[in-house]
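Presented below is the structure to which this report refers.
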Amino acid sequence: MSELNPFKIAQAQLAEAAKIMDLDPAVHELLRWPLREFHVTMPVRMDDGSVKIFHGFRVQYNDARGPTKGGLRFHPDETIDTVRALAAWMTWKTAVVDIPLGGGKGGVVCNPKEMSETELERLSRAYIRAIGHYIGEETDVPAPDVYTTPQIMAWMMDEYSVIRGYNVPGVITGKPLPLGGSAGRGDATARGGMYTVREAGKLLGIDLDQATVAIQGYGNAGQFAHKLIAEMFGSKVVAVSDSRGGIYCTDGLDYEKVMAWKKEKGTVVTYKCCDDCKQVTNEELLELDVDVLVPAALENQIGDWNAGNIKAKIVAELANGPTTPAGDEILHKNGVYVIPDFLCNAGGVTVSYFEQVQNAYDFYWAVDEVYTRLDRKMTAAFHAVHEAAQKYKVHNRMGAYIVSVARVAEAMRLRGWV
Ligand code: NAD
């Protein structure tokens, strides 16, 4: 099996882009590493009175284009290399949609599924006490990601405001609406991704209203992808999954019903709409005969071990890093149109940026205005990437790297860094 360390993958992807672009070696070396990173250790009082020690990270990868920006994960398998890779991808993501921000990311090693609400609140506040001096609306702005929620953002914003002594809504995005969240942030990642799927469909001549879809992962990104792809295009979602496995029904899976089941039972895997509805593993789901495959769970799901079996015409990567470099080559060779992660899932950070802008002005937009602005950003980014891929005769992920790296390199050059 090829390399699966996400940061090594991120560096390898950058190296490939640097070669194609004939990038200045100093620019390349500077972009290979985070500018800053913080490792924190946090004591947290648990409900049973014991004290548990948690470890966390915050990586500020590159701020040449603006304050660093990126989500925060609560996950038992979190590592510094995962966070570094995600912070690098955030740098390319904010650049590809051309918003004035850099890239960062955070993570705490914990299992939120085994923690109570009060323990999660104490951990969230402890994390802000540990990194509070190094973040801020003009330096580094966290946001929700895997297993972190608007409620967690609210506790973090509150703790930060307590430290500063006044209300600072702009320190974090993905907040609940009454605390300065943006309309449209909830489904922004999936919605942004769907705008790119729409453009890819037009380009490839695929009738999305006739298309079948499989979605891996049923959290914020996956659930809304199910809702929106059916709502916006009339596509038929035939398979969905979560960490416990998936379901497949050729008649299509109704969003409202699957969601209600997931809410009640905690998983989609036991849902059965009819006799044809059957269980599939997460591995089998990826290889189903569908038009559109949406990886919306974790990294390293498509690699040299299964890329040759992917039958989808479009792979819309709502997850970060779902495809390895070897997987990319195989998909490209087989004519699969990949909408790469940091383009496809950039809707979340784009609306997070809109949230920062609204917080700064203390003036809030209607949801239609958010959708229109998001569509404009995503559509422009999609075509910039497609054109770069065509021009350099490379796959779309390299096209996206070329667009983003050129923008970040230009900002560093103008600042006189290199
Ligand atoms: P989430 O915590 O809401 O949901 C994660 C989902 O993945 C859950 O349904 C979980 O059961 C499932 N999952 C976990 N391990 C799995 C496995 N091994 N196989 C299959 N499913 C598994 O997280 P999310 O916010 O939806 O994020 C999902 C992906 O999208 C991540 O890669 C994240 O970085 C990326 N992403 C999210 C956002 C956002 O705004 N939420 C933005 C950009 C990128």
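Read the numbers this way: they start at 1 and go in the same order the structure lists the ligands and their atoms.
For ligand 1, the protein residues placed under 4.0 Å by at least one non-hydrogen atom are Arg73, Lys93, Asp145, Val146, Tyr147, Arg185, Thr189, Gly217, Tyr218, Gly219, Asn220, Ala221, Asp242, Ser243, Asn282, Ala296, Ala297, Leu298, Leu318, Ala319, Asn320, Asn345.
A distance-only check finds no donor-acceptor pair linking the side chain of Lys105 to the backbone of Arg84 [under 3.5 Å].
A salt bridge links Asp63 with Arg36: at least one charged nitrogen is closer than 4.0 Å to a carboxylate oxygen. A salt bridge links Lys175 with Glu355: the distance from a Lys NZ or Arg NE/NH1/NH2 to an Asp or Glu carboxylate oxygen falls below 4.0 Å. A salt bridge between Glu29 and Arg32 is present, with a side-chain N of the basic residue lying under 4.0 Å from a carboxylate O of the acidic one. Between Arg45 and Glu119, no side-chain nitrogen of the basic residue sits less than 4.0 Å from a carboxylate oxygen of the acidic one, so the salt-bridge criterion is not met. Note on Lys227 versus Asp187: no salt bridge recorded, every NZ/NE/NH1/NH2 to OD/OE distance being 4.0 Å or above.
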